[in-house]
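Note on naming: letters A, B, ... go to the chains in the order of the sequence lines (proteins, then strands), and numbering restarts at 1 for each one. Predicted model, so just to flag it, every value in this text is computed and none were measured.
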2 protein chains.
Amino acid sequence: MKHKGKTNPPGRIKIMKSFSLLMAQKDFHSITTAEIAKNAQVTEGLIYKYFKDKKDLLYQVLNKHFVEFQTKIESRIAKENNCIKQLEIIIFSSLESYADNRIFSKILLLEVRNSLDFFDSGAYEMIRKYSRTILEIIKKGLKEGELKSDIDPLILRKVILGAIEHACLGEIIFGRKLDIDKVSTGIANIVFNGAKA
Amino acid sequence: MKHKGKTNPPGRIKIMKSFSLLMAQKDFHSITTAEIAKNAQVTEGLIYKYFKDKKDLLYQVLNKHFVEFQTKIESRIAKENNCIKQLEIIIFSSLESYADNRIFSKILLLEVRNSLDFFDSGAYEMIRKYSRTILEIIKKGLKEGELKSDIDPLILRKVILGAIEHACLGEIIFGRKLDIDKVSTGIANIVFNGAKA
DNA sequence: CCTATTGGTAAGTAACACTTACTTACAAAA
DNA sequence: TTTTGTAAGTAAGTGTTACTTACCAATAGG
């Protein structure tokens, strides 16, 4: 019998909690379904009542975290209407979110990209939305003359997103502590003012 | 009997070739050892004569590609001694290498990061060397006054590497064609001259 | 000519992701 | 009050997979 996805029964919640906990300790591939079930105190079969497969569980956990991330950032952006300030908020808030939500960033930056079916998932849809928001801000910045007219908005977005993601990798992989203030102002300084003397 | 790794027998070469070919078609996890062996026309057991496990095979294939990448870039850099020019060469050459060696970039940007034992591999040692080279150039640029004195070299490196990697993701994942000239000059323009009007 | 080593094979095995067939609980309809 | 439909959960599989073990054949050195 297939589940229709309307309710949110205790078993389902326990499975997601158990999986999140395990993701904090080890990488996706070395987590077994037996382990997930045992820690959740349910049987293995139940996982497949609520999730298509192990990857689907991963995507849904990511999605849950992403919703929080998105709403937090959007409310912060809304308070500003200077575009450069808004982009600075994005840089800072993204770094902050990645830093104090290791599971979220681990999944997003290390675990999901290698499989094509991620890009059909709801979690990926959220990323696109976030990404689109950034592009809108950049375009507005160009129109209002806050940004140089010869800037390609798509490339600027790549630079910003790439810098953010790369900055978090060391922290996620090696557990290095990241100085968010220093790194975010550093990135913003380079991206907006340039590095050339 | 353990292999000492001195010679390079035909079976070993066939396995690596077969695996490379499969990596061009699908992701690491959905490639089976049976498949690798069949396409290489050897038995499955032989894989484990030359490689510790499936991941080790991945790392060694990556390593092979990385050596070519590294030597190519270093010879290009040697021809310049203006630091900004050198960094521009790095941006351009990296994009170019990623673009015309999809397997290499797929492995490097999507497949290896999620497992901790990659960071003990020889392939990761190469990355560190490459990364160190970039840092040296930046430091030289600071000393010789080509770069602004308030720039943090580690952060500038993060921005450059992040931008390069992010720029390639779309191409690798979705097979989108990348305009290397446009993107590399675009990135360099932002990083060196800044985006603010 | 023997023997150690290397290249390679064949036949396993344990563990894993996922399935199937079943039970229980319970709410709404008849 | 009984019936029926369905959601929640279980128990016991199954096929596949990465990896292992034990073996064989060729060959080069002493």
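- Atom NZ in K14(B) sits roughly 11 Å away from atom C1' in dG7(C) (whole-Å rounding).
- When rounded to the nearest whole Å, the span between OH of Y50(A) and P of dA7(D) equals 10 Å.
- Remark: P of dT10(D) and CZ of R12(A) are 16 Å apart, rounded to the nearest angstrom.
- The side chain of K54(B) has dA18(D) as its nearest neighbour among dG9(D), dC18(C), dA18(D).
- Between the side chain of K49(A) and the base of dG9(D), a donor-acceptor pair under 3.5 Å is found.
- In the set dC18(C), dG9(D), dG8(C), the nucleotide with an atom closest to the side chain of E44(A) is dC18(C).
- For the pair A40(B) and K14(B), the tightest heavy-atom approach, listed with the atom from each and the gap, is O-CD, 3.3 Å.
- To the nearest angstrom, C1' of dA18(D) lies 9 Å from CD1 of I47(B).
- Within residues 27-36 of chain A, the residues that have a heavy atom under 4.0 Å from DNA chain C are, in order of number, I31(A), T32(A), T33(A).
- Here the CG atom belonging to L22(B) is positioned 11.5 Å from the CG atom belonging to D27(B), to the nearest 0.5 angstrom.
- Atom CD1 of I15(B) is separated from atom C1' of dG8(C) by 10 Å (rounded to the nearest Å).
- With distances taken from any side-chain atom of T43(A) to the nucleotides dA8(D), dA11(D), dC19(D), the minimum falls on dA11(D).
- Once rounded to the nearest 0.5 Å, the distance linking CG of N193(A) with CD1 of I84(A) reads 8.0 Å.
- A99(A) and I180(A) make their closest contact through CB-CD1, 3.8 Å (heavy atoms, listed as atom of the first residue, atom of the second, distance).
- Across the protein-nucleic acid pair, Y48(A) atom OH and dT14(D) atom P stand 18 Å apart, rounded to whole Å.
- Ring planes of F104(A) and F66(A): perpendicular class, angle over 60° (limits at 30 and 60°).
- Rounded to whole angstrom, the span from the CZ atom of F51(B) across to the P atom of dT20(D) amounts to 15 Å.
- Annotation: cation-pi geometry satisfied between K54(B) and F28(B) (NZ/CZ under 6.0 angstrom from ring centroid, within 45° of ring axis).
- Base contact: G45(A) has a heavy atom under 4.0 Å from a base atom.
- Taking CD of E136(A) as the start and CZ of R132(A) as the end, the distance is 8.5 Å to the nearest 0.5 Å.
- Across the protein-nucleic acid pair, D53(B) atom CG and dT17(D) atom P stand 17 Å apart, rounded to whole Å.
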